[in-house]
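Naming: A, B, ... by sequence-line order, numbering from 1 per chain. These numbers come from a predicted model, not from an experiment.
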Amino acid sequence: MAKKVLIIDDDFDLVEAMRITLETAGFEVLDAQDGEKGLEKIRKETPDLVILDVMMASIDEGFHVAYKIREDANIKDTPIVMLTAVGNQTGFSFDPEQDADFLPVDAFLEKPVNPKMLVDVVRQNIKI
Amino acid sequence: MPIFPETPTFSTASMFRRNRWLISLRWYAILGLLLGVLLLKIFEIGSVPSILWMTILAVVLFILNLFYFTFVSGKVRRGKISLVSLLNLQMAMDLLLLTILIYLTGCEESPLAFFYVFHIILTSIIFPGGFSYLYSLFVVALYSGLLVLEHGGIVTHICFFQDVHIANTPGLAISVWFIVVVTMIATAYLAQNVTMRHRRVREKLEIANQKLKEINKTKTTFFRYASHEMKAPVATIQSTLMVIEDILGQDVDDRVKDMLQRAIGRTAGMILLLKDLADLTYSNFQEAQKFENLDLTMLLQDLISDAQPNIERKNQKLDFVPPAYSCEFFADPIALNKIFINLLSNAIRYTQDDGKIEISLKQKGSTYVVSVKDNGPGIPESEQANIFQEFYRTPAARKLISEGTGLGLPIVMRMIELHKGTINVFSKEGQGSEFVVILPIGGSL
């Protein structure tokens with residue numbers, strides 16, 4: 001059975017681009033447009049990996065979602081790949097690369113998303 | 001409200017204000033003169049013809065002031081006389097009439113010569129620059145002229161106090177006392193006026209400066225957020241194009257692949273440009289900066305090892321002998337990385353294959369000196385001043401490498417300024433380039 005990947009991102013076009021890439025690589029792709037719907041889907045569908053955008057409605061919504069995943073006993077082991085914006089030194093209150101040590105995510109992927117790297121990162125982090 | 005406060009130049013509005021102020025002061029002077037005449041009458045001192053002339057002088061001054069007033073109020077056609085000339089006319093006439101008054105009250109015997117003093121203070125308030133020196137020369141000329149005329153026998157001396165004995169005439173004492181009082185009050189008023197103007201201008205400047213800072217901050221914030229907002233859609237376009245190229249476009253025509261690659265190349269360039277634009281504002285955006293103690297040697301070593309694949313690809317040789325002593329530096333690591341990433345990647349990009357790059361770090365006195373030197377094509381002397389300008393790329397650089405934002409060195413410059421340092425370039429065409437960065441230790445504290 002194909003592994004399930006959930007993409008939580010409000011950029012619909014980027015979701016479609018990633019969907020085509022991952023489906024071609026043999027994954028089943030689900031998506032959610034915001035953190036709340038994303039959490040709902042994780043609990044219902046138990047995906048094998050989550051791709052999470054840092055910046056959605058709020059500047060750090062992705063982090064809050066990541067923490068909530070780790071706090072929920074049923075889904076806390078789901079691997080998380082965090083999508084970060086281009087050039088992180090925009091003066092916002094956090095720096096994902098620097099703060100990675102205490103962030104509960106497994107990998108970072110910078111936008112623009114290179115299809116080969118996306119597939120590689122998903123394969124490396126998904127539990128077989 | 002204008003951002004810049006009134007500056008001490010001849011703006012029309014300020015000329016009107018100065019003229020009106022002088023006219024209003026003159027009303028008081030006329031009143032004072034008439035009061036003086038009245039005092040002399042009451043105490044029955046002073047020569048009678050002189051007192052009559054003094055009254056006539058007051059009337060003349062009144063008529064003149066009425067003329068000035070209607071002129072400034074625009075009730076008289078102004079013709080060619082400018083407001084500056086009117087100011088000069090007023091001041092010169094006042095000094096002339098004062099000299100006549102001094103003559104009428106006994107020339108060198110007259111205590112009215114005191115009044116020259118506050119007229120000179122007045123000129124320093126209403127005229128710019130060295131005008132008050134010119135007017136003091138004018139006063140000296142008037143007073144000396146008067147003395148010469150009198151002692152040369154051309155005009156007869158008026159013995160104003162005649163046979164009055166100073167000691168036993170209270171009226172005379174009161175008159176002189178009156179003049180001293182008027183001089184003191186007028187001088188205090190004028191001096192206070194100067195200080196207050198000065199203070200007001202300084203306050204306005206401070207407010208304007210604060211406003212400019214706020215405006216600059218708003219601009220910088222807008223700039224950073226705008227470039228960030230633009231990056232998101234461009235990144236998505238880039239991601240979409242890469243999906244077409246890598247996954248959907250396997251079986252397409254070579255021309256389609258070529259077009260796709262061009263589009264991907266241009267969006268990549270656009271993303272670089274937006275990143276650089278954001279970096280350009282970094283030094284103005286304090287919220288983003290984080291100063292900490294770091295090791296310069298380690299920072300350079302990390303950068304060099306990151307750049308190693310590019311150096312190897314061009315078969316270049318890079319030398320860096322780290323100093324034996326530790327180079328601790330209190331700085332913003334992001335900014336410092338930008339400085340040396342840009343200098344190093346320029347050296348790699350513009351130096352030919354098999355070229356040589358040397359990096360050195362030394363402590364000299366209270367500074368760290370970092371040099372990035374290559375044996376590449378060099379920068380013509382005529383271009384060296386331009387390379388730190390935003391979006392400027394030398395024709396040679398454009399020819400060598402078509403991609404480039406033209407923002408690399410301007411970013412370097414600003415990041416160095418953030419650390420109160422300087423950068424110098426030493427280069428000759430065909431003989432390589434050396435960029436020397438001097439960073440004062442503790443300069444950022």
Side-chain angles (χ1 to χ4, degrees), chain A residues 5 7 9-27 29 31 33 51 53-62 81-99 108-123, chain B residues 217 220-250 263-265 267-290 292 332-338 341 411 415:
Chain A
V5 175
I7 304 174
D9 193 332
D10 59 356
D11 185 339
F12 196 71
D13 299 320
L14 189 62
V15 170
E16 284 312 296
M18 288 192 283
R19 183 199 300 283
I20 288 172
T21 308
L22 292 172
E23 281 179 355
T24 309
F27 296 100
V29 176
D31 67 89
Q33 267 72 52
I51 295 174
D53 189 13
V54 176
M55 223 190 293
M56 287 181 282
S58 73
I59 197 163
D60 52 359
E61 189 177 342
V81 172
M82 188 149 272
L83 270 184
T84 62
V86 225
N88 298 309
Q89 296 121 11
T90 29
F92 303 120
S93 51
F94 62 89
D95 181 344
E97 305 288 346
Q98 268 185 22
D99 299 345
F108 284 101
L109 202 58
E110 198 185 82
K111 293 180 193 174
V113 183
N114 181 307
K116 288 191 186 101
M117 270 171 66
L118 173 65
V119 173
D120 283 351
V121 167
V122 169
R123 283 204 177 123
Chain B
K217 202 175 161 204
T220 307
T221 311
F222 171 79
F223 211 71
R224 288 183 78 80
Y225 281 85
S227 66
H228 183 82
E229 286 299 311
M230 282 187 272
K231 264 187 288 185
V234 179
T236 298
I237 293 171
Q238 169 97 329
S239 309
T240 312
L241 290 173
M242 285 193 285
V243 171
I244 301 174
E245 189 198 29
D246 282 5
I247 292 162
L248 304 176
Q250 299 294 343
I264 290 170
T267 47
M270 180 77 177
I271 290 170
L272 279 180
L273 181 65
L274 290 168
K275 272 186 181 178
D276 277 0
L277 277 173
D279 284 345
L280 210 54
T281 60
Y282 186 81
S283 57
N284 291 332
F285 201 70
Q286 279 173 358
E287 287 86 334
Q289 299 160 10
K290 257 186 228 158
E292 58 189 60
D332 179 301
I334 291 172
L336 229 50
N337 269 308
K338 296 275 177 204
I341 285 174
I411 291 171
M415 301 296 191

Part of A/Thr24 lying under 4.5 Å from any heavy atom of chain B: side chain
Nearest non-hydrogen partners of B/Ile271 and A/Pro112, listed with the distance: CD1-CG, 3.6 Å
Partner residues of A/Glu16 under the salt bridge (Lys or Arg N to Asp or Glu O under 4.0 Å) criterion, sequence neighbours left out: A/Arg19
Partners meeting salt bridge (Lys or Arg N to Asp or Glu O under 4.0 Å) with A/Asp9 (sequence neighbours left out): none
Close contacts, residues 114-122 of chain A versus chain B, judged by heavy atoms under 4.5 Å: A/Asn114, A/Pro115, A/Lys116
Can you give me every donor-acceptor pair (side chain of residues 241-250 of chain B, partner residue at least two apart or in another chain, under 3.5 Å) with its distance?
| residue | atom | partner | partner atom | Å |
| --- | --- | --- | --- | --- |
| B/Glu245 | OE2 | B/Gln261 | NE2 | 3.2 |
| B/Gln250 | NE2 | B/Asp246 | O | 2.1 |

Distance (rounded to the nearest 0.5 Å) between B/Thr236 OG1 and A/Leu14 CG: 4.5 Å
